[in-house]
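These notes are about the structure you will find just below.
Whatever order the structure lists ligands and atoms in, that order sets their numbers, starting from 1. None of the values given here were measured: they were computed from a predicted structure. The chain is numbered in sequence order, starting from 1.
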Amino acid sequence: QAELQGGDNCQFYDPRYQRLIQRRMEIEFHLRKALENNELLLQYQPEMCITDHRIVGFESLVRWNSPKLGLVSPAEFIPVAEETGLIYQLGEWVLREACRQNRKWQDAGISGLFVAVNLSSRQFYDQKLADKVGAILQETGLSPKGLELEITESMTMNRQSATPTLQTLRQLGLSVALDDFGTGYSSLAYLKELQIDKLKIDRSFVSEITKSTIDASIVNTIITLCKDLKLCVTAEGVESEEELLLLSQLGCNIAQGFLLSKPIDADQVPGFLKRFSDGSVASIS
Ligand code: C2E
Ligand code: MG
Ligand code: MG
Ligand code: MG
């Protein structure tokens with residue numbers, strides 16, 4: 001980003017940066033039409049309680065299948081949506097779609113599960129966020145217990161604005177999770193004052209726990225801290241049976257990752273749950 005803003009003019013003419021700028025402009029151009037053209041969709045990734053091996057919820061993850069650009073990763077288009085302000089519309093669509101879907105599952109007898117929605121920073125700082133979330137819950141008929149919002153550490157850095165926002169959101173009756181924990185500027189002291197329900201340990205630590213004693217120790221420390229602070233703790237990016245076993249021994253509450261399932265389409269969820277409760281999902285016994 002610093003490079004794009006210049007300072008050193010030579011960099012501006014570097015063909016690599018020119019390609020980056022070109023790509024960014026293309027994404028912005030096509031993203032503007034993506035919503036109305038129904039090019040966005042949500043996939044859902046299961047989260048499992050480690051102690052009783054039950055699925056407790058699904059994280060919604062946005063996908064963009066552009067007729068012009070093909071599949072674009074959210075890691076690439078969400079930042080563009082943020083910069084351009086398109087995130088307000090996109091974020092509201094994601095919230096409504098996830099809530100609508102969970103209510104639909106509930107109506108079909110799949111109940112007691114939460115759907116997690118990732119918020120971006122501009123959404124989180126939107127003064128009208130709580131009103132919008134409240135209205136969407138009303139409109140879709142989803143109980144607030146069925147919704148979890150995911151925020152990241154960097155969004156909570158400005159305490160003065162984060163604290164009241166978290167308070168009003170949680171007064172609605174939904175839960176809030178701190179995503180990608182450990183990768184941002186975590187202030188441990190401040191965690192105890194932060195009004196959140198859950199912490200999600202970043203995949204980068206989890207992926208090495210069975211190989212790196214340092215990462216295992218970091219994860220252990222985070223889990224212990226969560227216990228003391230009475231926070232629920234989720235491990236992201238669990239890919240192997242060994243990782244799940246170790247996390248279970250460390251007292252982690254929830255697991256999410258390719259071991260259980262990759263993100264799937266909404267219509268695959270009932271079948272997944274069925275296979276899962278039959279015990280026929282790969283290597284989870
Ligand atoms: P995230 O919220 O941390 O989501 C988890 C990411 O890790 C997802 O990538 C998921 O597919 C991936 N993942 C899950 N389990 C595993 C695993 O076992 N191994 C590996 N290698 N990866 C795993 P995805 O879907 O590409 O999303 C990337 C990021 O984009 C998300 O990270 C989130 O920050 C953002 N994002 C996705 N959907 C939304 C959305 O609706 N709104 C906003 N604001 N951001 C979103
Ligand atoms: Mg997330
Ligand atoms: Mg994450
Ligand atoms: Mg691994």
When you check the space around the Mg ion (ligand 2), which protein N, O or S atoms turn up under 2.8 Å?
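Listed by chain and number, the atoms are E59 OE2, N118 OD1, E150 OE1, D179 OD2.
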Test of ring centre spacing under 6.0 Å for Y88 and W93:
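Centroid separation for Y88 and W93: 6.0 Å or greater.
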Can [X] and [Y] be counted as an ion pair, charged N to O under 4.0 angstrom?
X: K68; Y: E26; answer: no
X: E83; Y: R24; answer: yes
X: D126; Y: R122; answer: no
X: K200; Y: E59; answer: yes

For S204, does its backbone N or O pair with a side-chain atom of D202 as donor and acceptor, under 3.5 Å?
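The answer is yes, because a donor-acceptor pair under 3.5 Å joins these two groups.
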Greater than 12 external heavy atoms within 6.0 Å of K192's NZ
no
Does CG in L245 sit with more than 12 non-hydrogen atoms of other residues, nucleotides or ligands closer than 6.0 Å?
yes
I want to check something: taking the side chain as every heavy atom from C-beta on, are Y44 and Q101 in contact at a cut-off of under 4.5 Å?
yes
Write down, by chain and number, every protein residue that brings a non-hydrogen atom to less than 4.0 Å from an atom of ligand 1.
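Q45, E59, L61, V62, R63, P74, I78, V94, N118, L119, S120, E150, D179, D180, R203, E236, G237, V238, E239, G257, F258, P263.
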